[in-house]
Amino acid sequence: MNAVNRAKNKAVALETTLLVHGVPSNAAQPLASELSQIVTDQGASPALVGVINGVPTVGMTDQELDSMLAQDLVLKANTANLGVAIHQKAHAATTVSTTMELAAAAGVKLFATGGIGGVHKGYSKHLDISSDLAAFTRFPVAVVTSGVKSILDVESTREALETLGILVIGYQTDSFPAFYLRESNAQVDVRIDDPADLALLIKSELARTGRGIVIANPIPAQHELDKEQWQGWLDQAKSDAEQSGAAGRAMTPAILGRLHEVSNGETLRANLALIRANTLLAAQLAANLD
Ligand code: PSU
Ligand code: MN
């Protein structure tokens, strides 16, 4: 396969779906630079992952990101349609599943995101489960995430991870975090408080199993949203997204976009704060890994 691997030592993968479909377009470029800086400051190296003109790329250049952001409609590629983007020589933003796939192929062991995909609530009266979950059974990458996006059914997603036999480690938490909220009703498999100890477990598990690991890192306390307020925004955004006719792969971006509007930017601020915190932890772990 024609692919570009610019990943350096102690690399931290970053995904492009978050930038292209998860935040308003004017926030993407500044966020990308900020995350790269956070990684570099820890002595690790950022590797932005995406598909450029059909070429899977680990370690995108600024120009490559610009060309992706300048395009009107960018494909959102999960493990199912990644090959289509390659075949069509198109640009594509990679989700957690495809970022894991490309990172693993490039030998990158750590990846920071906001929240992984999971089991959707019964929005459209049928099953909608992200391909992110299955990706953990196939690609040996440790993903630092603030749990799963709380637009999802958090407890069912936690059960699905259990069914798939995916290790969920809580960083300084016993509770499985719910993105904008530090806690849910679900638990992690093990709590680890010390980053150096966490790095040791990651290293041995990746080598032993060849599968991915969830590193659950709760949103920093000062940025956590108020639960009731959050619930109100979610109900509103959910029904608006449904009314707009969004379905399938368009569902997550539609709800996230609407949430940022109805919350007057509060959810976006919280989202950015948790992505920064996850990137920092991933960079610290990467620096500890080799
Ligand atoms: N978390 C965010 N913003 C996002 C996503 C996660 O804070 O935009 C993206 C990730 O790329 C994740 C994807 O892999 O949403 C899941 O989409 P779906 O439910 O369609 O699989
Ligand atoms: Mn889906």
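Counting convention: from 1, in listed order, for ligands and their atoms alike.
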Fill in: Distance-only donor-acceptor check, side chains Asn288 and Gln284, under 3.5 Å
no

Worksheet item: Ignoring hydrogens and geometry, is there a side-chain-to-backbone donor-acceptor pair from Thr157 to Val119 under 3.5 Å?
Response: yes

Worksheet entry | Under-2.8 Å protein N/O/S neighbours of the Mn ion (ligand 2), ordered by chain then residue number | Asp128 OD1

Worksheet item: Just checking, any donor-acceptor pair under 3.5 angstrom between side chains of Thr79 and Thr98?
Response: no

Item to complete: Ignoring hydrogens and angles, state whether a donor on the side chain of Thr113 or Glu15 is under 3.5 Å from an acceptor on the partner side chain.
Response: yes

Discussion item. Between Asn278 and Ser146, is the side chain to side chain donor-acceptor pair (under 3.5 Å) condition met? List the steps.
Written reply: CA-CA 7 Å; Asn278 293 343; Ser146 299; 3.1 Å; yes

Worksheet item: Taking only residues two or more places apart in sequence, or in another chain, which ones meet Pro253 in a side-chain contact (heavy atoms from CB on, under 4.5 Å)?
Response: His21, Lys76

Worksheet, complete the sentence: Sorted by chain and number, sequence neighbours left out, ring-ring contact (aromatic ring centres under 6.0 Å, His included) with Tyr180 holds for Trp230

Every pair of nitrogen or oxygen atoms between ligand 1 and the protein that is under 3.5 angstrom apart - can you list them with their distances to 0.1 Å?
residue, atom, partner, partner atom, Å
ligand 1, 1 (N), Gly115, N, 3.4
ligand 1, 1 (N), Gly115, O, 3.0
ligand 1, 7 (O), Asn271, OD1, 3.3
ligand 1, 11 (O), Glu15, OE1, 2.5
ligand 1, 11 (O), Glu15, OE2, 3.3
ligand 1, 14 (O), Val96, N, 2.8
ligand 1, 14 (O), Asp132, OD1, 3.2
ligand 1, 14 (O), Asp132, OD2, 2.7
ligand 1, 15 (O), Lys149, NZ, 3.0
ligand 1, 17 (O), Lys76, NZ, 3.2
ligand 1, 19 (O), His120, NE2, 3.4
ligand 1, 19 (O), Thr252, OG1, 3.1
ligand 1, 20 (O), Lys76, NZ, 2.8
ligand 1, 21 (O), Ser130, OG, 2.7

Worksheet item: Do Ser175 and Thr173 have side-chain atoms, one donor and one acceptor, less than 3.5 Å apart?
Response: no

Response to the item:
Here the gap from Gln88 atom CD to His91 atom NE2, rounded to the nearest 0.5 Å, amounts to 13.5 Å

